[in-house]
Amino acid sequence: MGQTQAADALALYRMMRLIRRTEEILIAEYHPANEMRCPMHFCVGQEAAPAALSLQLRPDDVIMSHYRSHGYYLAKGAPLDAMIAEFYGKATGSNGGLAGSMELAHHGFHFYSGAIVGGPLGLAVGSAFAQRYRRGGSGISVAVFGDGAMDEGVSYEALNLAALHRLPILFLCENNRYAAHTPAPARAASHDLIARAAAFGVAVRRMPDKNPLELAAAMNVIVADIREGRGPFLLEVETYRFCGHVGPESDDHLDYRPVAEVDAAKASDPLAAMLRLARAAGVADAALEEVDASCDEQVWSAIRAAKAAPFPRFQDLRGIEAANGYAPVVRELIDAAPTRFLGGQAETRLRPY
Amino acid sequence: MGQTQAADALALYRMMRLIRRTEEILIAEYHPANEMRCPMHFCVGQEAAPAALSLQLRPDDVIMSHYRSHGYYLAKGAPLDAMIAEFYGKATGSNGGLAGSMELAHHGFHFYSGAIVGGPLGLAVGSAFAQRYRRGGSGISVAVFGDGAMDEGVSYEALNLAALHRLPILFLCENNRYAAHTPAPARAASHDLIARAAAFGVAVRRMPDKNPLELAAAMNVIVADIREGRGPFLLEVETYRFCGHVGPESDDHLDYRPVAEVDAAKASDPLAAMLRLARAAGVADAALEEVDASCDEQVWSAIRAAKAAPFPRFQDLRGIEAANGYAPVVRELIDAAPTRFLGGQAETRLRPY
Amino acid sequence: MSKASAVELASTPRAGRATRLSFGAAVNAAQRQAMELDENVFVFGIGADGKAGIFGSTAGLKERFSARRVFDTPISEQSLTALAAGAANAGLRPVLVHQRFDFLLYSADQIANWIGPWRYISGGHATMPLTIRAIVGKGWGQGPQHSKSLHSWFAHLPGMQVVMPGSPADAKGLLLSSIFSNDPTLFIEGRSLYAMEEEVPDEPYFIRLGRALVRRPGKDVTLVAIGSLVPGGLEAAEQLAAERIEVEVVDLRTLVPLDLETVLASVGRTGRLVVADPGWRDFGAAAEVIASVCERVGPALKAAPQRVTWPHRYAPTSAPLEAGYYPTSADIVRACKSAVAGI
Amino acid sequence: MSKASAVELASTPRAGRATRLSFGAAVNAAQRQAMELDENVFVFGIGADGKAGIFGSTAGLKERFSARRVFDTPISEQSLTALAAGAANAGLRPVLVHQRFDFLLYSADQIANWIGPWRYISGGHATMPLTIRAIVGKGWGQGPQHSKSLHSWFAHLPGMQVVMPGSPADAKGLLLSSIFSNDPTLFIEGRSLYAMEEEVPDEPYFIRLGRALVRRPGKDVTLVAIGSLVPGGLEAAEQLAAERIEVEVVDLRTLVPLDLETVLASVGRTGRLVVADPGWRDFGAAAEVIASVCERVGPALKAAPQRVTWPHRYAPTSAPLEAGYYPTSADIVRACKSAVAGI
Ligand SMILES: Cc1ncc(C[n+]2csc(CCOP(=O)(O)OP(=O)(O)O)c2C)c(N)n1
Ligand SMILES: Cc1ncc(C[n+]2csc(CCOP(=O)(O)OP(=O)(O)O)c2C)c(N)n1
Ligand SMILES: [Mg+2]
Ligand SMILES: [Mg+2]
């Protein structure tokens, strides 16, 4: 137990630290370089949830995330280089430079995201449906979204469908108290988000992110239940965004959240807490230092690679856009009997009109 | 109290009976006449809720209803003649023959309906918003919808908005256990509809419709609270549809609901209950018989008038479609200084491009 | 404009047995065979598993394939569409059915913001092989909320295919191709076509998306007919033949991909263009056909192109107003005549 | 085609003082004055009451008019649109703001199924005087979900007005008219126009919806320019003037009502048509302009009409791809030249 605890603590610290440093370095690089030409939503302060999730996931699991997605991309194990290249708009990006940060995806790693609030919930219902439909596998789908997504009607449809079909899906709601610059009280009279999900028959729980080890332990049980077919679960994680809503700049000059609130949140930084927990769990200082150094090196190396990589070419877009053809099963049929694939038909006199 | 009770009982019986007979006579007339050429959703068996509501409403209240609306149209006090003329597609219809049954409305009486499931909730939020915005008045808005509308995401947005703005709105959900031919278990894992609304901070209650007097008494308290600014309320009425989902035909041959269930529901007909309750409250038989006779006469007289009325003319549509002009405040400005209403402008060289 | 090239009717011979089927039955058969061919195909939508089976188009499928692959749903168009999208991305081939086109408007966000861009946005890695069937109501007072056909909306979205069959045999072959296409497809069925019958090959067959069909040759005017106006177009052509006006009827079959080649070849022969489109006039699909042709042939047309569409208003419910609302073969006859006269 | 009639520039003199304003400031001023003129006007949307004020377009309004009339919202596009509709039916004049056009797609049902048909369906009794402002993102990697402009979708709906200003002064006058129009209006603002400055009259004024503006006379080719492509169109015309090609620039201002009269009069003079439309090419707004013109003048055109639009694909994020994506004045120059050459 002590050993697992230490291993988990190290893994959690490693992932949180990687996410934090990725964001910090990108923020620092954004303007001076002026080469990342896409809106980016950073997750500084919100690293605990993706890190805790990363310990639970398998390759055949699927993540459908909102746009504040960098942490979840990394949590799914997708390559940092391809992510940063994507931000630089390079051909080596995980989407070939077409998506940028807001619609970051890595198909091979079953990771997807998008800017439209509320979208991920329904899509994850679809991938969970496919996982269940196929039988055999024990893959699960994770929908990641902010508290703002709980304003959108589609989210309730998705919760209902998931419960109705008892799908293997984790709804992971990051409640950072704000939707962009709109505080919760301007968006609802009642803020008990898990009560809303529970009313549809979805199992629920609310947890703070101040102790990432506990968060990971809770997720471990939840995900195991989901894998075993006990149906969907909504986990609301109470968290806080240290950085601005979008872009590398702080937006605190817009006075949409109290200074004291921001300060208090930063003072109880989950990453700092994780560092303490790791030490307490017996992780050696050397290991922690190695993590710190390696995270920075990974990020810088990805940035160097991204800068050196070629841009995609305009002419390649046509290939992507061209119709994508037909399923193999049909292509076989066509080969077997080409006449079945009718380009046209004999003149037809239709009756009755 | 006894006198009020008797008066209420008579009024309830009158409205329920009028709705029932309207539906029954229209059902009988539909095919033989073949002159009502529009899909119609009858509400036989579901008369208690509209009748109970009718006792609470004032002229400046607004109803936004789903398509199973005939009872609510009458409950709002709108004229029967104009409704039946609308079904016959006549110029004297409340919508000039454009709407038929599915989008029945009477603007003068602030009654509206439509076929798209879920629509009425958001629209009623809008009219309630206007009622509150204007101050002074004590008008309320009523959204009427079936249990099926609780499948649509937009409904949760509407509940949330109503609670957020503490709007004067009654959400009246007729739970007849089916959405068209789809039973509740095929639509949700959890059927506690009021729990869903309560999670948004909306006050809620669930009631059967077997005792219309009790239903009306409960609505009376609820509506008074809403008028006094205590915020939105969702009342779920447990009811049952005796007729087919759409059209004059029964659809029970489609085997979507158990015969025993249908029979049991019909055996505890709320209209029959209301008749007993009225007698018990001391309403004289003569008064009840007068109601019966007068209801039939009203419906037949409306049908005769509808048949005799002219059809709308195709050329009149253009007038309705033409742009509807501008607000009086602007028209005054234009009259005062016509040059302010610029048909064009001097050539403009725009910079920067 | 040259009239040199002879009319080429595509006339691949059909092998095997055929059965006289209604449009609805042909749609049903296509889904049945698609599900037989591929375990990944499933069909869902409000009423999909009921005895009535969405005007018969899904009747019997649940009994044949079980509730796992054919199921009823809550009234949740948005998330049902998202379910289809998520499942398609995972390799399934969902068929989502809407009894009325109007209902799918709830899912415009899912289609325009997610499904349309999905493959492109992924850099070409992901795919989205789903089919959305939408039935367009017509007549008996369907009115403003049960008779819309916004096919031009979805044809305007890059990445979406839009299919509009005009006959039972086409419905079957085009639906099979839609289901097995690797791109998302909106498949639009005119309710008024449902009773139409035709010989339909028994075997599964596939009509390549993006191939218009010259249903009738003619040298005087090209009539591009779409979906539920195909029968009226053929009727008009027959009537006009009696008056020695030869109409070439091009059944467009799919709005996207748009087979402009076939249309241009026909207009090249006739020099005149009429488009019959079962939708609203302004900013609709007919405008695209006309604009595409005019861009390419410009002043070479012999007469101004014409549109025969629904008038630019919502369908009124009152029976006489409704009767005057929908264009008929007589309207197409009139348009063709004026095109021919307007040399 | 006759060239007889001289160019008539609409040139009503402006009375009173004017101030140099950006497009965003002009939009802000229009709302402020509308709220001053009429207590029934209110403004809401995500971020509407914030310090940033939706790119400045609503900044200061809450301070001036209180939270009752200017307020922030949950992320609930569907019900916000329905709120506007219900309130408008009751006689208020709501202005609902979307930071990005893409977000309003959630409310396509409310617009197409309820708002568009509302007045008509009521037999003409009810009204729906609401305005939906939608800002179209452009550049800096806005990508597929932040840069759509589906103006043609809503122009296709009977009962909807669609307004697309191309300059600050027009933005103010058209927005005031939209707000005080008794019909529902979609008001589309190019984000790329926000910094553009112009003299804008201080007083409230109203530009009648459905009046296109000839911004520059020219005898060789008619350029119909829409919304954010108006500046590029004028720039192209200026460049071409140096090469002795005189472009008549018609700023369409509103898609619905469509001022075909002004367009036809111009094409009557020039015989050539290029349409610059800031949206996707296929089944888009430019097709309607071309089809409407060709229907009426047909073979009388001197050259094939042309479209300058966004390519028919989603906006790519990568900077060089994005730079190649949006049409520029150079593309308009090319189209006009080829129209003139293609006699
Ligand atoms: C449908 C839609 N409406 C509005 C927006 C604009 N928007 C972008 S982020 C955001 C706030 C979302 O807040 P939340 O879901 O809590 O996530 P957070 O940013 O706090 O992580 C909004 C309103 C959007 N992207 N999509
Ligand atoms: C958006 C939408 N989807 C589907 C339909 C088709 N439809 C018409 S009525 C109905 C059932 C509605 O059930 P419920 O709300 O319970 O009302 P009830 O008919 O039982 O009174 C359905 C699915 C519709 N009208 N609108
Ligand atoms: Mg948030
Ligand atoms: Mg029901």
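Just so it is clear: chains get the letters A, B, ... in the order the sequence lines come, proteins before strands, and each one is counted from 1. Just so it is clear, the model here is predicted, and its values are computed rather than measured. Both backbone and side-chain heavy atoms feed into the values below; hydrogens, waters and symmetry mates do not.
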| Ignoring hydrogens and geometry, is there a side-chain-to-backbone donor-acceptor pair from N95(B) to G123(D) under 3.5 Å? | no
| note | Between L164(B) and P74(D), the two heavy atoms sitting closest are CD2-CD, 3.8 Å
| What do the steps show when you test H107(B) against N89(D) for side chain to side chain contact (heavy atoms under 4.5 Å, CB included), and what is the final call? | CA-CA 9 Å; H107(B) 187 59; N89(D) 175 61; 3.6 Å; yes
| note | If one checks every heavy atom of N40(D) against chain B at 4.5 Å, the contacting part turns out to be both
| query | Regarding N182(D) and Y326(B), is there a side-chain donor-to-acceptor distance under 3.5 Å anywhere? | reply | no
| field | Contacting moiety of Y156(B), where chain D heavy atoms sit under 4.5 Å | value | neither
| said: I'd like to know whether F129(B) forms a ring-ring contact (aromatic ring centres under 6.0 Å, His included) with F71(D), so could you lay out the CA-CA distance, the side-chain angles of the two residues, the decisive distance to 0.1 Å, and finally the verdict. | reply: CA-CA 13 Å; F129(B) 178 89; F71(D) 53 92; 5.5 Å; yes
| said: Using every non-hydrogen atom in the two residues, find where A130(B) and A90(D) come nearest and quote the distance to one decimal. | reply: CB-CB, 3.6 Å
| Relative to chain B, which segment of A126(D) carries a heavy atom at a distance below 4.5 Å: side chain, backbone, both, or neither? | both
| field | Heavy-atom contact with chain D under 4.5 Å, split by part of A322(B) | value | backbone
| request: Let me see the working for R68(D) and R135(B) under side chain to side chain contact (heavy atoms under 4.5 Å, CB included), right down to the final yes or no. | output: CA-CA 11 Å; R68(D) 174 171 160 264; R135(B) 299 180 180 128; 3.1 Å; yes
| message | Test your reading of the model: is there a side-chain donor-acceptor pair from D183(D) to the backbone of A323(B), 3.5 Å cut-off? | response | no
| remark: Whatever's closer than 4.5 Å to a heavy atom in chain B on N113(D) counts as side chain
| request: Side chain from CB out, backbone as N, CA, C, O: work out which of these in L80(D) comes under 4.5 Å of a heavy atom of chain B, or both, or neither. | output: both
| field | E77(D), part contacting chain B, at a heavy-atom distance under 4.5 Å | value | backbone
| remark: In short, G91(D) meets R134(B) closest at the heavy-atom pair C-NH2, 3.5 Å
| said: Would you compute the distance between atom CD of Q78(D) and atom CG of L161(B) and round it to the nearest 0.5 angstrom? | reply: 11.0 Å
| field | OG-CD1 distance between S122(D) and I320(B), expressed to the nearest 0.5 angstrom | value | 7.5 Å
